[in-house]
K.L.:
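So that we are looking at the same thing, I have put the structure below in structure tokens.
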Amino acid sequence: MQHLLSSIAQMDAQSLTFESLGKFVKSIDIQALKYRHLIPHDPPPGDYGRNILCLEPFEVVLIYWPPLAESAVHYHQGFYGYVTMLEGELDNVEYLFQESAGILREKSTTRYLAGGIMDEPDNVVHKLLNPNPNEGAVSLHFYYPALDTLEDLVLFNLKERSVGVLSDQALSASWSEVPGHFKEVKRDAFTFYKQTAQHNSSHYIHPVIPKPSCSTIGKMVSQYYCEQAKSYDQLDKSHKKRNEYTERINKLVAEVYRELPELHHELHIACGTGRRALRIQELSGRDYQITGVDISKEMCKLAENRGITTLKSSWTEAELPEDHLFDAAVWLYAFGHTSSYELRLKALRKIRKQLKPGAPFLFDVFNLYNENEWGPKAVATYERMHLQKAGYEKGDVFYRRAEGTAIAYLHYFSEQEIRELLALAGFEVRSLFTIGYAKDSGQIKANTSEGFFFLHALSA
């Protein structure tokens with residue numbers, strides 16, 4: 001750390017810009033930093049700890065965030081900076097403040113993991129919080145010009161709709177500061193709108209930077225489905241558009257099954273609660289054995305209660321006898337949870353090896369260019385946030401339920417991408433349909449930019 005501070009001391013503040021500061025911060029080798037003896041481990045209850053390491057030519061401050069600690073929503077006026085994550089995780093929640101109208105709107109949330117670099121431009125309104133209830137987080141902050149005090153920093157209290165202005169006695173951007181550390185506090189000063197309330201949405205995009213490893217993403221997806229396993233069927237039934245979409249897919253799969261000369265054993269990947277697998281069997285009128293695979297332990301329990309044999313595992317790690325070949329395989333509404341190109345290709349090749357020659361593989365994928373869904377927004381976010389540098393592939397999305405805490409991952413596909421993957425894995429595409437979801441749910445669409453892709457492929 002001392003070497004870094006010595007390098008900073010020789011820099012010229014007059015030539016500093018937001019871009020040049022960012023370039024410098026991104027050049028730092030955080031693996032070489034020795035900082036643990038500098039961590040302020042005893043912040044006031046409910047607060048975070050700050051250790052200012054230098055103030056010239058710009059401020060460098062090391063911050064320790066206890067589990068669930070957070071800053072207040074605060075307004076950057078007249079300064080900018082960057083944050084490098086050293087340990088743990090932090091959520092950066094950004095807001096849009098319309099001062100003349102007295103409205104504060106939640107705009108976006110991004111999670112930063114160790115190695116992630118967050119930009120804090122001038123005039124941003126945001127808060128930082130450690131979402132982990134068990135582990136602390138450590139971050140290194142760089143600000144120009146230096147904040148030798150927090151005087152005049154504006155805070156927003158979302159619960160009480162208050163605006164406060166800190167005095168030069170304040171120790172942190174927090175409402176836990178004693179009353180004497182505020183110059184003024186205005187009550188009922190604004191109206192607050194949460195991000196989901198603005199769009200009447202049940203889910204919202206929640207980027208994670210850098211992109212976690214495939215094994216970590218697998219655990220995230222498992223936690224996401226465990227969180228909602230008991231209510232999943234009811235949520236499905238109450239979601240009219242999803243219900244119409246899934247029932248159309250169910251009928252398309254059942255139509256294929258009715259025409260098969262042999263159907264003794266089906267492989268159902270991402271079987272969930274088993275309700276859908278049994279619905280397809282009912283529609284097909286065929287009597288066959290179902291083997292389900294699901295990453296969620298809670299989902300597997302529910303499927304087993306319905307009489308389905310399950311394996312609690314990701315598909316690529318599932319252990320099945322190589323000499324046991326299935327007559328058909330499905331992977332519905334979940335292939336996009338497979339978190340990298342290499343893993344998707346591996347998964348498809350494994351399916352082909354478990355199928356009899358000529359057996360059908362039926363699945364659906366989210367369409368990257370579906371104008372009624374997140375695909376185009378995912379592309380725009382990928383380009384705007386330069387997510388390729390964070391390990392993302394175009395089409396990657398992390399998201400969260402409005403009423404949940406777990407973050408899940410999904411990949412959106414172009415038609416070319418999914419066709420190429422299937423060809424490389426040894427499948428022949430028999431048919432591809434575009435089926436409406438957010439708009440004209442369940443209807444087969446001629447325009448490929450209006451729905452999800454449903455594919456019927458045959459193993460070689």
K.L.:
Decide if the gap between the ring center of Tyr144 and the ring center of Phe79 is smaller than 6.0 angstrom.
P.N.:
no

K.L.:
Evaluate ring-ring contact (aromatic ring centres under 6.0 Å, His included) for Phe156 paired with Phe192, printing each intermediate quantity in order.
P.N.:
CA-CA 10 Å; Phe156 299 84; Phe192 173 60; 9.8 Å; no

K.L.:
With no hydrogens and no angle check, do the side chains of Thr448 and Glu415 hold a donor and an acceptor under 3.5 Å apart?
P.N.:
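The criterion, which ignores hydrogens and geometry beyond distance, is not satisfied for Glu415 and Thr448.
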
K.L.:
Please determine, by modelled atom types, if His411 and His337 share a side-chain donor-acceptor pair under 3.5 angstrom.
P.N.:
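There is no such pair (donor and acceptor under 3.5 Å, judged by atom type) between the side chains of His411 and His337.
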
K.L.:
Within a 6.0 Å radius of atom CG on Asp42, are there more than 12 heavy atoms belonging to other residues, nucleotides or ligands?
P.N.:
no

K.L.:
Just by distance, with hydrogens left out, do Tyr409 and Asp396 show a side-chain donor and acceptor under 3.5 Å apart?
P.N.:
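The answer is yes; a qualifying pair exists.
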
K.L.:
When the aromatic ring centroids of Trp374 and Tyr204 are compared, is their separation below 6.0 Å?
P.N.:
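No, they do not, as the ring centres are separated by 6.0 Å or more.
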
K.L.:
Any side-chain donor paired with an acceptor under 3.5 Å for Ser296 and Asp294?
P.N.:
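Looking only at side-chain atoms, Asp294 and Ser296 do not form any donor-acceptor pair under 3.5 Å.
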
K.L.:
Return the CD to NE2 distance between Gln195 and His206, rounded to the nearest 0.5 Å.
P.N.:
9.0 Å

K.L.:
Under the criterion side chain to side chain contact (heavy atoms under 4.5 Å, CB included), which of Leu4, Val61, Ile8 is the partner of Cys54?
P.N.:
Ile8

K.L.:
What's the verdict on side-chain hydrogen bond (donor to acceptor under 3.5 Å, both in side chains) for Asp364 and Tyr245, showing C-alpha distance, side-chain angles and the deciding distance?
P.N.:
CA-CA 11 Å; Asp364 56 349; Tyr245 171 80; 2.8 Å; yes

K.L.:
Indicate whether the side chain of His37 and that of Tyr35 have a donor and an acceptor atom separated by less than 3.5 Å.
P.N.:
no

K.L.:
Is it true that Tyr412 and Glu373 share a donor-acceptor pair across their side chains at a distance under 3.5 Å?
P.N.:
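Judged by distance alone, the side chains do pair up.
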
K.L.:
Decide whether Asp47 and Ser172 meet the rule of one side-chain donor and one side-chain acceptor closer than 3.5 Å.
P.N.:
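The answer is yes; a qualifying pair exists.
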
K.L.:
So, applying side chain to side chain contact (heavy atoms under 4.5 Å, CB included) with Lys211, which one of Leu387, Ile217, Leu113, Thr216 is it?
P.N.:
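Of the listed options, the one satisfying the test is Ile217.
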
K.L.:
If I take atom CZ from residue Phe58 and atom CE from residue Met11, how far apart are they, to the nearest 0.5 angstrom?
P.N.:
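Rounded to the nearest 0.5 Å, the CZ-CE separation comes out at 4.5 Å.
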
K.L.:
Could you walk me through whether Ser167 and Glu151 pass the side-chain hydrogen bond (donor to acceptor under 3.5 Å, both in side chains) test, one step at a time?
P.N.:
CA-CA 4 Å; Ser167 72; Glu151 185 176 13; over 6 Å; no

K.L.:
Quick one: do the Ser108 and Glu94 side chains pair a donor with an acceptor below 3.5 Å?
P.N.:
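Side-chain D/A pair, Ser108 to Glu94: absent.
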
K.L.:
Using the rule ring-ring contact (aromatic ring centres under 6.0 Å, His included), only one of Phe363, Trp315, Phe452 pairs with Phe335; which is it?
P.N.:
Phe363

K.L.:
Can you measure from NZ (Lys194) to CD (Glu106) and round to the nearest 0.5 angstrom?
P.N.:
4.5 Å

K.L.:
Whether the His126 and Asn92 side chains hold a donor-acceptor pair (N or O, under 3.5 Å, no angle test) is what I'd like checked.
P.N.:
yes

K.L.:
Using 0.5 Å steps for rounding, measure from the CD atom of Glu244 to the CG atom of Asp440.
P.N.:
10.0 Å

K.L.:
Using modelled atom types only, decide if a donor and an acceptor are shared between the side chain of Asn130 and the backbone of Trp65 within a distance under 3.5 Å.
P.N.:
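Yes; at least one donor-acceptor contact below 3.5 Å.
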
K.L.:
Pairing donors with acceptors under 3.5 angstrom, does anything connect the side chains of Glu227 and Gln223?
P.N.:
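No, no side-chain donor-acceptor pair sits under 3.5 Å.
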
K.L.:
Step through it carefully: locate the ring centre of His41, locate the ring centre of Tyr64, and say whether they are under 6.0 Å apart.
P.N.:
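Judged by ring-centre distance (under 6.0 Å), His41 and Tyr64 do meet the cut-off.
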
